[in-house]
Amino acid sequence: MLDLGPYSEFIIAAYSISAVTLIALTIWVHKSEAHHKKMLSMFEDDNAEKEKNK
């Protein structure tokens, strides 16, 4: 195994926290993007229906 020196626990913990944070942010952005696409399509459908009813 690699010898990371006297601060190996800190190094592993820091990289682990960074990886978990990156994964959480990626999931959050993906869900947010999907939600905003859904909302935009609802508004576009509503706008198209209003234009049709004029």
Side-chain angles (χ1 to χ4, degrees):
M1 189 167 155
L2 293 173
D3 183 20
L4 299 175
Y7 302 108
S8 61
E9 292 90 7
F10 174 76
I11 293 168
I12 292 170
Y15 277 110
S16 298
I17 291 170
S18 298
V20 168
T21 304
L22 181 62
I23 290 168
L25 285 173
T26 303
I27 291 170
W28 179 56
V29 167
H30 178 70
K31 286 187 174 215
S32 177
E33 182 180 1
H35 173 72
H36 284 102
K37 281 184 180 180
K38 180 180 174 185
M39 295 300 290
L40 182 60
S41 69
M42 285 175 40
F43 287 133
E44 287 175 345
D45 292 343
D46 188 42
N47 192 22
E49 190 172 317
K50 284 181 183 178
E51 291 292 324
K52 189 173 98 175
N53 290 332
K54 277 189 175 182

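Because the structure is predicted, anything quoted here is derived from the model rather than measured.
- Side-chain heavy-atom separations under 4.5 angstrom define the hydrophobic clusters, and the remaining members of the one that includes M39 are M42, F43.
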**Q.** Criterion side chain to side chain donor-acceptor pair (under 3.5 Å) on S32 and H36, from CA distance to verdict
**A.** CA-CA 6 Å; S32 177; H36 284 102; 3.3 Å; yes
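- How far CG of D45 is from CG of L40: 9.5 Å, rounded to the nearest 0.5 Å.
- Once rounded to the nearest 0.5 Å, the distance linking CG of L22 with CD1 of I27 reads 10.0 Å.
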